[in-house]
Structure formats: C-alpha cells, structure tokens
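Each chain gets a letter, A, B and so on, in the order the sequences are listed, and its residues count up from 1.
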Protein chains: 2
Amino acid sequence: MARSDGADGRFSYEGLDRIIHEKARLSVLTSLVAHPKGLPFPDLKRLCGLTDGNLSRHLAVLSEADLVSIEKGQAHNRPQTLCHLTQAGRTRFLEYLAVLEQVVRDAAKAAERMPDGSLNTKTA
Amino acid sequence: MARSDGADGRFSYEGLDRIIHEKARLSVLTSLVAHPKGLPFPDLKRLCGLTDGNLSRHLAVLSEADLVSIEKGQAHNRPQTLCHLTQAGRTRFLEYLAVLEQVVRDAAKAAERMPDGSLNTKTA
DNA sequence: CACCACACTTTGCGATGCAAAGTATGACGG
DNA sequence: CCGTCATACTTTGCATCGCAAAGTGTGGTG
C-alpha cells in the first residue's frame with residue numbers, strides 16, 4: 001500500500017523555500033508583489049508592521065538572495081531606500097505560492113472529512 | 001483603515017502562528033490532519049521526509065504547545081510512539097490555514113495584474 | 001546653535017532548526 | 001550463548017536566525 005498515502009515525503013513540501021517561508025519576509029514579498037512600482041522603506045515598514053531593524057535585516061537577506069532589488073537614492077532631501085521585486089523574485093515567489101496552495105488543499109481535503117471541519121476554503 | 005492600501009499592518013499576517021509556520025511542523029500537522037486515527041513515529045518520519053532527531057524535536061515542540069498528543073506504547077514487541085492531533089491542535093491548524101489562504105489570495109490578486117503572472121489560482 | 005525627527009544600520013542575544021551521535025531493546029546468525 | 005545488526009527513538013552541539021535595543025548620519029526648527 002505504498003500508494004498516495006504511504007509515499008515517502010508525501011507531505012515534505014520541499015518547495016517551501018526557507019528564505020521565503022518566514023512570516024516577515026512573506027509580508028514583504030506580498031507587499032512588493034502588490035506594488036510593482038516598488039515601495040520606499042517606511043511604507044514597507046508600516047505595511048508589514050515591522051521595526052526598522054527588522055525590516056533592514058530581512059531586506060538584506062532578500063536582496064542577498066536576489067529576490068528584491070534595493071535602490072538607495074534621495075527624495076525631499078532625505079535618503080530613500082526604494083525596494084522592488086526582481087524578476088527572479090517574482091518567479092520564485094509565485095512558485096512558493098503554488099506550494100502553499102498545495103498545502104492548503106491537502107489540509108483542507110483531509111480536514112473536511114471530519115465532523116468539526118470549520119475550514120472554509122472560499123470565504124472572503 | 002479607510003484605505004485598503006496604506007493601512008498599517010495590511011500585510012503583517014499576525015495569525016501566522018510561529019509554532020505552526022515551520023516547514024517541518026507544517027508537514028507533520030498536515031500528515032496528522034490527514035490521518036485522524038493517528039500515525040506512528042516511523043510513518044510520520046517517512047511521510048514528512050524528516051530524520052529521527054528532527055521529528056523527535058518537532059514532536060516535542062508540538063506536544064509542548066498542546067497541538068499534538070503522544071502516546072508511547074508497544075507494538076510487535078517494539079516501542080511505538082503514536083501521534084495524533086489534539087482538538088486544540090486541529091482548531092489552531094485550521095485557523096492557521098485560513099490565514100495562509102488569505103496570503104495566497106492577497107498575492108494572487110496582486111500578481112495577476114501583471115503580464116508575467118504565471119500564477120493560476122483560478123485565473124481566467 | 002541646540003535639539004529633535006526621520007531614515008536607516010549594526011549589534012547582541014535568546015531561540016531554533018538540523019544533523020550527528022547516543023541509548024535501549026529485540027531479532028538473527030554462528 | 002554471544003555478538004552483530006536493525007529498529008525506535010532521544011540527546012547534544014552547532015550554526016543560523018529573528019528580533020529588539022542601541023547607534024549613525026543628516027536635515028529641519030525654535
């Protein structure tokens with residue numbers, strides 16, 4: 001019965017990129033994918049509910065992994081760090097999302113077989 | 001929060017429980033929700049593609065958080081650790097999944113506005 | 001000119017994931 | 001009867017990581 005059920009690694013979800021699979025960075029990437037023109041540091045900070053230091057660190061990680069690009073410039077006589085997704089970042093993020101969807105589907109499918117199943121996969 | 005866009009924490013996803021939001025533990029929980037009767041240690045190990053030590057540690061964390069229960073018994077003259085989701089575990093996992101879905105939806109919605117959008121959550 | 005606000009960066013630390021090594025026990029071969 | 005192997009975990013150690021507090025630099029304000 002080494003079927004779909006007993007298969008090794010059936011639920012290992014290798015596709016869950018460790019760089020992306022992190023609360024804070026997931027927030028950043030989602031924010032950025034929603035703002036294709038890029039976002040300045042302070043806006044990103046507020047959108048993600050992160051502290052300065054925190055965001056700085058995560059941006060460094062994401063930049064290092066070439067998922068986001070960072071442009072340091074000036075605006076209104078102030079330093080401005082503008083961030084946006086790279087093409088690679090977009091692609092990898094979308095791949096990651098596809099795996100997330102798989103997780104949700106797997107779990108939802110399993111859970112709905114139970115009486116208590118309060119999962120609602122389609123609510124807004 | 002009149003604006004949908006500039007709202008503080010719009011993408012902060014507070015609901016992403018740190019205990020659950022972890023590749024390995026997500027695997028474990030998904031496996032367990034798919035096997036309401038519980039799973040023995042070795043099966044879980046293979047399903048999740050984890051090493052012994054790794055699984056042991058994560059189970060300890062999950063057990064400590066009261067998300068899974070662990071019964072140590074005997075089977076075929078061998079020690080057998082049987083794991084299954086607690087009621088609380090099921091509930092919290094389902095809550096977590098709802099947030100995950102929100103993440104996927106947010107991102108999908110933003111991404112599909114782009115030409116390259118290779119994401120197909122349901123897109124036309 | 002002192003002071004404060006803004007825009008980040010760096011540092012320090014406690015927590016964490018992961019893998020390698022350790023423990024315990026039953027089965028098997030000679 | 002003894003030694004070796006396999007199974008079923010647990011413990012330990014390290015390297016990484018997230019997070020928050022403190023630090024840096026600069027421009028505006030009274």
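Ranked by how close their nearest DNA chain C nucleotide is to the 5' end, A:F41 and A:R18 are led by A:F41. Projected onto DNA chain D by closest heavy-atom contact, B:P79 and A:H58 fall at different nucleotides, the more 5' of which corresponds to B:P79. Heavy-atom nearest nucleotides on DNA chain D were determined for A:Q74 and for B:S56, and the one closer to the 5' end corresponds to B:S56.
When heavy atoms are screened at a 4.0 angstrom cut-off, A:T81 is found touching the sugar-phosphate backbone but no base atom. Across all strands, B:R57 comes closer than 4.0 Å to base atoms (heavy-atom distances).
Panel note: side chain B:S27, backbone A:F11; a donor-acceptor pair is recorded below 3.5 Å. Side chain of B:S31 to backbone of B:L44: no donor-acceptor contact under 3.5 angstrom is found. With hydrogens and angles disregarded, no donor-acceptor distance shorter than 3.5 Å links the side chain of A:T81 to the backbone of A:K72. B:S12 places a side-chain N or O within 3.5 Å of a backbone atom of B:G9 that can act as its donor or acceptor partner.
We find that CD1 of A:I20 is positioned 13 Å from P of D:dG18, with the value rounded to whole Å. Rounded to an integer number of Å, the gap from A:Q80 CD to D:dG27 P is 15 Å. Per the geometry, CG belonging to B:N54 stands 13 Å off P belonging to D:dT10, to the nearest Å. Rounded to an integer number of Å, the gap from A:L50 CG to D:dG18 P is 11 Å. In this structure, B:R78 places its CZ atom 11 Å from C1' of D:dC5, rounding to the nearest Å. Atom P of nucleotide D:dA8 and atom CG of B:L59 are separated by 15 Å, given to the nearest angstrom. Whole-Å rounding puts the B:E22 CD to D:dT16 C1' distance at 12 Å. When rounded to the nearest whole Å, the span between CG of B:D17 and P of D:dG18 equals 17 Å.
No chain of hydrophobic side-chain contacts below 4.5 Å, direct or via other Ile, Leu, Val, Met, Phe, Trp or Tyr residues, connects A:F41 to A:L82.
Atom CG of residue B:L16 and atom NZ of residue A:K23 lie 6.0 Å apart, to the nearest 0.5 angstrom. From B:R92, atom CZ reaches atom CG of B:L29 across 9.5 Å, with rounding to the nearest 0.5 Å.
Over its length, the helix from C:dC1-D:dG30 to C:dG30-D:dC1 turns its helix axis by 20°, as judged from the five terminal pairs at each end, rounded to 10°.
Judged purely by distance below 3.5 Å, without hydrogens or angles, the side chains of B:H58 and B:E22 never pair a donor atom with an acceptor atom.
Applying the 6.0 Å contact sphere to CD of A:E64 captures no more than 12 heavy atoms from other residues, nucleotides or ligands.
For A:H21 and B:H21, the distance between ring centers is under 6.0 angstrom.
From the 5' end on, the contacts that DNA chain C makes with chain A at under 4.0 Å to a non-hydrogen atom open and close at C:dA5 to C:dC18.
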Quiz prompt | Working for side chain to side chain donor-acceptor pair (under 3.5 Å), residues B:Q102 and B:R105 | solution = CA-CA 5 Å; B:Q102 186 61 51; B:R105 257 197 309 276; 3.2 Å; yes

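Taking a 4.0 Å limit (strictly below) on heavy-atom distances, residues 62-70 of chain B does not reach DNA chain D anywhere.
When side chains are defined from C-beta on, B:H35 counts as touching B:L47, because their heavy atoms get closer than 4.5 Å.
Counting distance only, with no hydrogens placed and no angle test, the side-chain atoms of B:D52 and the base atoms of D:dC9 include a donor-acceptor pair under 3.5 Å.
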